[in-house]
2 protein chains.
Amino acid sequence: MGAPYHQFCPVAKAMELLDERWTLLVIRELISGSQHFNELRRGLPKMSPTLLSRRLQQLTAAGIVERRPVGTEVHYILTPAGRELEPVVMGLGMWGIRWIGELGDQDLDPKLLLWDMHRQVDLSAIPPGRTVVHFRFPEVAPQLRTWWLILTPAEVDVCDDDPGHDVAVTVETTLRCLTEIWIGRQNWQQAQKGGQLTITGPAELRRSVPSWFKSSPFASVPRPEAALTGAVSPK
Amino acid sequence: MGAPYHQFCPVAKAMELLDERWTLLVIRELISGSQHFNELRRGLPKMSPTLLSRRLQQLTAAGIVERRPVGTEVHYILTPAGRELEPVVMGLGMWGIRWIGELGDQDLDPKLLLWDMHRQVDLSAIPPGRTVVHFRFPEVAPQLRTWWLILTPAEVDVCDDDPGHDVAVTVETTLRCLTEIWIGRQNWQQAQKGGQLTITGPAELRRSVPSWFKSSPFASVPRPEAALTGAVSPK
DNA sequence: CAGTATCCCTTATGATACTG
DNA sequence: CAGTATCATAAGGGATACTG
């Protein structure tokens, strides 16, 4: 698939398959549990469908992904070889969260954030029945400003337009603040104390909102004293 | 450095710095102990000096490598952030050695093999004084067929032309066979039994040759039943 | 030893629109 | 839902030669 390195080194042989742009992010999405083309697209919003399609074909040809048509649907699942890339992806994420400095504005994306968060809702912590959480990012462009998460014990849905149901709590904050909570650089309590985040709604719901949302799998990684700067800085 | 993914995901942020061609192999070389430009070149023979230069600049700008001029020399060393990529590189190599199928003829390279082997000589196992090991790959083109390793307790040198010293032992085999020994798919004893490798020289030296050479750091990784085929097959 | 300077050129990728 | 088709551009990278 990728251009060959003409080396017998196992690292080089692995990178021949993995070093092209987006490839390891597709694998990350599959590890995260996405199975369908459009599910993958939601986790990779800036990737063109053409390219996603090509990458899936390449990974299938390489024996890392299996394409399994099931009736009218198509499932993409990792093969045993693909599943064994999890330590590599986790290692990259752990390195990234330790050493990458401030996020650039371009790296913030409400669509992606809500999509990630919806996968990590603690279904055992949410109230019975349906709970609608409304998110507002006042500084963001109107069409990306308001979001709803519909939590039920069975599933979690993301909406970017008003689902019409009663809203249980509203979370108002900056996109950056919620992203930093997600990646573990900030927490709900501190952000509320600092006035960067407000939750409105019934008191006992307000208190429990933070427990409904787990953080990024990398949020708990211990951080070094100083992160990298330079090429990685915001622009 | 690399094109941005516009994602806050730590895996994506890491890959922005690492997903370009050759980048992780440069880091692999630095982890292996190379410090100088031309030392790096020997471990990356198919990489153009221009590109190596650029990658080193990028990695320096990213805070992964430090360029340290020492008198007339220049040392490239990993920063703390760079050193922490070792688990990633090791993970990739372990994955690679488990899942990559047969090596292609293009992946075999005597220059690189001897260079790798010279770094893993067990200095505590070699005889005192100077020991010259002569390697011959009869099937290889003349200018790459014959090699000499000069082992002394202090250092190991690789030569591609006759150094003139007395040869202690001669190892004759195919390039593929010795490469497979290096990566742990074959071993000295089996190869000798099978007639794919012969050692000539004094009996007690012949017997101890295999103990002088450690294998690739990945050689001891347990292998799955079946490796990948397809895109990775030899061509 | 430690790199630069050019030059060319493929091709990877982004963007957009469309289909069964 | 699950992709394909098409197009234009940038630029990543290979090759080669040269410098202090």
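In what follows, every chain begins at residue 1, and chains take the letters A, B, ... in the order their sequences are listed.
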| query | Taking a pair as Watson-Crick or G-U wobble with both distances under 3.5 Å, which nucleotide is matched to D/dT19? | reply | C/dA2

| message | When you measure from the side chain of B/Arg176 to the backbone of B/Leu103, do you find a donor-acceptor pair of N or O atoms at a distance under 3.5 Å? | response | yes

| task | Indicate yes or no: at least one non-hydrogen side-chain atom of A/Leu24 is less than 4.5 angstrom from one of A/Asp19. | result | no

| query | Is it true that the side chains of B/Ser34 and B/Arg42 contain a donor and an acceptor less than 3.5 Å apart? | reply | no

| Going by heavy atoms in the side chains, are A/Gln120 and A/Pro217 under 4.5 Å from each other? | yes

| said: Is it the case that atom CE in B/Met90 sees more than 12 heavy atoms from other parts of the structure closer than 6.0 Å? | reply: yes

| said: Return a single string for nucleotides 1-17 of chain C, one symbol per nucleotide in 5' to 3' order, where B is base contact, S is sugar-phosphate-only contact and - is none, cutoff 4.0 angstrom on heavy atoms. | reply: SBBBBB------BSBB-

